[in-house]
Structure formats: structure tokens, C-alpha cells
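For reference, the structure discussed in these notes is given below.
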Amino acid sequence: MSYIPHTKKIALVDCNSFYVSCERLFKPHILKKPVVVLSNNDGCIISRSSEAKVLGIKMGDPYFKAKEIIIKNGVYVFSSNYSLYGDISRRVMRILKYLVPNIEIYSIDEAFLDLSSIPNNMISSFGEKVRDTILQWTGIPTSIGIAKTKTLSKIANHIAKKQKSGIVNLIGIENIDLILEKIKINDIWGVGRQTSKFYIKLGINNAKQLKNISNNWIKNNSNVLASRTAMELRGISCIDLETYQAKRKTCCVSRSFGEKVENFQILAESVASHSLNAAEKIRSESLLAKAITIFIRTSLFQNKKIFYSNSKTIDFPIATDNSIEIVKNALGGLKSIFKKGYKYQKTGIILSGLLDSKKTHNLFSSSKEKRIKSLMKSIDYTNYRYGRSTLSLADAGLNKKRNIRRKYSSKIDTANFDCLPIVKVN
DNA sequence: TCTGGGGTCCTAGGACCC
DNA sequence: TCTGGGGTCCTAGGACCC
């Protein structure tokens, strides 16, 4: 009996300029117009419509640097609105799950689909069906790349984004060298800035060259990740689809300030507020944290002499999801690293060593802990029912919204009744 | 004036053990 | 003077992703 390797067929569905497309859903007049979406605090450009890309606006550029082009060309600008993007993303993913049983949600705007059971001659038309359904049911345009491995499907998707059809299928193409030759080394999934530099120095400039290099050479000169990428370019699948949602291992909440902060009390309020958000997040996922890290820093773009960055990690005696305990430790940690006289730009906390609370039993569980548990439950429920921060801790301050720039908010939130658009009837 | 936020995995090196 | 060999576990930092 011989083993016949099962050929995989993997599609990567990627929403086009996702955040921009979400904003466009409620503003049809900005269709076909240049649009950008800014990061928190209106700092950087994190989503661009194709019309904005043509103008030379780069991904990740600070807003103030691109401002001239933006004003000159009448580019529409939006502050980011994550509750809207999260909601639209869930709708897109639900449709994908409905169409394909095995999918891996890879990011807010991307998913891998397992199309292995679909015959080769029907793959492309199935892709079209996926694309049409998402567009019709949500209004979000997508691009789809299909190939034998995740890395190749990423490449197919990269090409699809530039084509009108929006679909590129590499399944059944005998020799893809001609295609890979046109893919720059730094456009390959898993090859970042550092590795690109390394390859280019050696004259390896495109995906075809990386594909045809000997695996031994890579193993000796690089690491397992690089050899995996090369294998995947050859059509040998090394990176499996993760169709079940693994529990996360860390939970980070951090923010920059709109204006630099010297005052300890304001830092403390932001750290407390981040801690509360993180605690709520892990409770909603039934997780317990073993440790918390608190970090603060001044701006990276200022004089190095006045730069200060520090962090403190504190282990909890028993893994916890208790907001009160988490905030108390966060504030203790902050006190230990705070230095007077610096203009702080950012604070954050990381909960780590996350465990599944359903699988964790505490030997010393007391009635006091049960009471805290039910307190946390009612806080979460109240905040869910009546809006975030209806119930909070005094440590987090009463006016948290100050000191965050969101000048260009579209004020649309599909998950909040107060933000429903108003239709006037004459 | 103004430069995001949230993740994962791998690796090298130290601590520790017998 | 001469100071083994082999293993595990943990952690910090780097690289990558969106």
C-alpha cells in the first residue's frame, strides 16, 4: 500500500482596505474617493483606500507627515473606530463559516479557508461565490488567493489585490516560477525586514530564488522558520490551518497619551483603567492571569537624554481575574518604576501566564473569593448592559476620555444604540 | 506641536540539577 | 597547575504578523 499525499487547497480571504471599507458602509459618497483611517490618538495612517495609495500615502506613516498630501488632494480622514470594525469583522467571519466548515480566523480582516474537498475545476467559481456573498451581505469587498499552502495563498492574495477579478487561483498551475519571480523577497509572508536584508545581501531577491535554494543551506545559515517558508513556496504544506480558536497566552492593554504626562496621579489612573479593561477581557474569555507587567515610557522620538522606559512584573500568589487585586498590584508596580520629572508618553499593562479558569481549581478557595467572583460577574453584566465603565473603580478616575485625540471620529457604532444614525422624514 | 496597539513564536543564555 | 558532561527549565529580547 502506498501513501498518497493529500493535496491541500487553501484560500486566503482578505478584506480590501478593511477599516476604510467599514467607514464607507455608512457614507456612500466616499466610495471611489481617497480615504484614510488613523491609529489611536490620530497618530499614524493604518488603512488606505486604493485611491489614497496612488497618492503615495504610505502605511504606518505619521499623520502629520502626510498632512500636506491629504489636504491638497481632499483625502477623507477618519479616527479609528474599533467597535465598528470588530462588529463588521464578526459578520464577515460568520458568513465564511457558513460557507466553509473549516476556517482559521487569522486577523480582524483575514481568514484561511480549507477548500481541500472541492474539485479543482470548481475552485475558482467557489471563490467567486464567497466573494460575492460577502459583498452582498455586508458590503465589504474582498480579495481571495488560492494555493496549496498558506504561504502561497498569501502570495496569490497579494496578486489578487491588484487584479480586477479579485481572485487568483494557483491550484493546477504546473510551474509557478514565473509568478514567484515577480514577488519581492520582502513581500513573502514570514520574511520581515531583518531577514530580507540578510537575503538581499546574498543576492536572493525574489520568491523564486528562495524557493529554489537548498533546504540544507537554509538550515545551516538560518532557522527553522525560514526553511518552513521555503518548503511552503515549493508547495509542501508545513503550516497547518488552526481551525479551533486557541486560548490566548497574554493580554495587553496600552495607550499613548494625547499630551505628555508628568503627573503621577494621571499615570495611575491610566494604569488602573488599562488593568480594568484587561481584567474584563480575560474574564470574558474564562482566563486567569499568573502575572502582571506594568510598563511606562517617554517618547521614542525625543532627545535620548530625557528618555526613560521601565517595567515591573509582579507574580500573583494565585492565578486571578479579580479586578481589585489586579489594579492594586498594577498601582504598586507603577509606584516602583515611576520617576519624577519625565514627560511620559505611554503606559500599559500585560497579563501573562493565562490559564483556562474552567480547568483550574484553587485548593484554598474561600467564601470571600466566591463573593468577589459574583461581584465581578455583576460588574461585567452591568457594563455590558449599560455601557462600558458604568461601574468602575475610583482608582481609574472619573473622566477617562480626556487626553485621547479622536478628532475625525465618524461616530458610528453598530453595537451602541446611542450611535444609531438618524433618518429625518419630512 | 503631532510617530498605534496587540499578539505569537523562536533562540540564546543563565540557573540549576545530578 | 589541572576544574566534566549532560540535561531541564525559565526568561528576555528579537523577529515576525496584522
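Nothing here was measured: the structure is a model prediction, and the numbers come from that model.
Neither OP1 nor OP2 of B:dG4 sits under 4.0 Å from any side-chain N or O of A:S80. Contact check, A:Q345 against B:dC2: no side-chain N or O comes under 4.0 Å of OP1 or OP2. Residue A:S256 places at least one side-chain N or O under 4.0 Å from the OP1 or OP2 atom of B:dG5.
Taking a pair as Watson-Crick or G-U wobble with both distances under 3.5 Å, DNA chain B forms stems of 3 or more consecutive pairs at B:5-18 with C:5-18.
We find that CD1 of A:I282 is positioned 16 Å from C1' of B:dG7, with the value rounded to whole Å. Nucleotide B:dC2 holds its C1' atom 10 Å from the CG atom of A:D42, rounded to whole Å. A:E259 has its CD atom 10 Å from the P atom of B:dC2, to the nearest Å. Distance A:Y82 OH to B:dG4 P: 11 Å, rounded to the nearest Å. One interatomic measurement links the two molecules: OH of A:Y19 to C1' of B:dG4, which rounds to 10 Å at whole-angstrom precision. Distance A:L351 CG to B:dG6 C1': 13 Å, rounded to the nearest Å. B:dG5 atom P lies 16 Å from atom CD1 of A:I45, rounded to whole Å. In this structure, A:N277 atom CG and B:dG7 atom P are separated by 12 Å, rounded to whole Å.
Listed candidates were C:dC18, B:dT3, B:dG5. Nearest to the side chain of A:P62 is B:dT3.
The side-chain tip of A:K27 points at the ring of A:F78 from less than 6.0 angstrom away and within 45° of straight on.
Two rings, from A:F307 and A:Y342, have their centers 6.0 Å or more apart. Separation of the A:Y19 and A:Y85 ring centroids falls under the 6.0 Å cut-off.
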Filtered N/O pairs between nucleotides 8-12 of chain B and protein, under 3.5 Å:
from  : atom 1 : to     : atom 2 : distance (Å)
B:dT8 : OP1    : A:K249 : N      : 3.1
B:dT8 : OP2    : A:T250 : OG1    : 3.0
B:dC9 : OP2    : A:K249 : NZ     : 2.7

Every protein N/O lying under 3.5 Å from an N/O of nucleotides 14-17 of chain C:
from   : atom 1 : to     : atom 2 : distance (Å)
C:dC16 : OP1    : A:G192 : N      : 3.1
C:dC16 : OP1    : A:G192 : O      : 3.4
C:dC16 : OP1    : A:Q194 : N      : 3.3
C:dC16 : OP1    : A:T195 : N      : 2.8
C:dC16 : OP1    : A:T195 : OG1    : 2.3
C:dC16 : OP2    : A:R193 : N      : 3.2
C:dC16 : OP2    : A:Q194 : N      : 3.0
C:dC17 : OP1    : A:G190 : N      : 2.8
C:dC17 : OP1    : A:V191 : N      : 3.3

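Nucleic acid contact class of A:K260 (heavy atoms, under 4.0 Å, all strands): sugar-phosphate only. Among the heavy atoms of the strands, none lies under 4.0 Å from A:K67.
Once the 5.5 Å centre distance and the 30° plane angle are applied, the aromatic ring of A:F301 is found stacked with the base of B:dT3.
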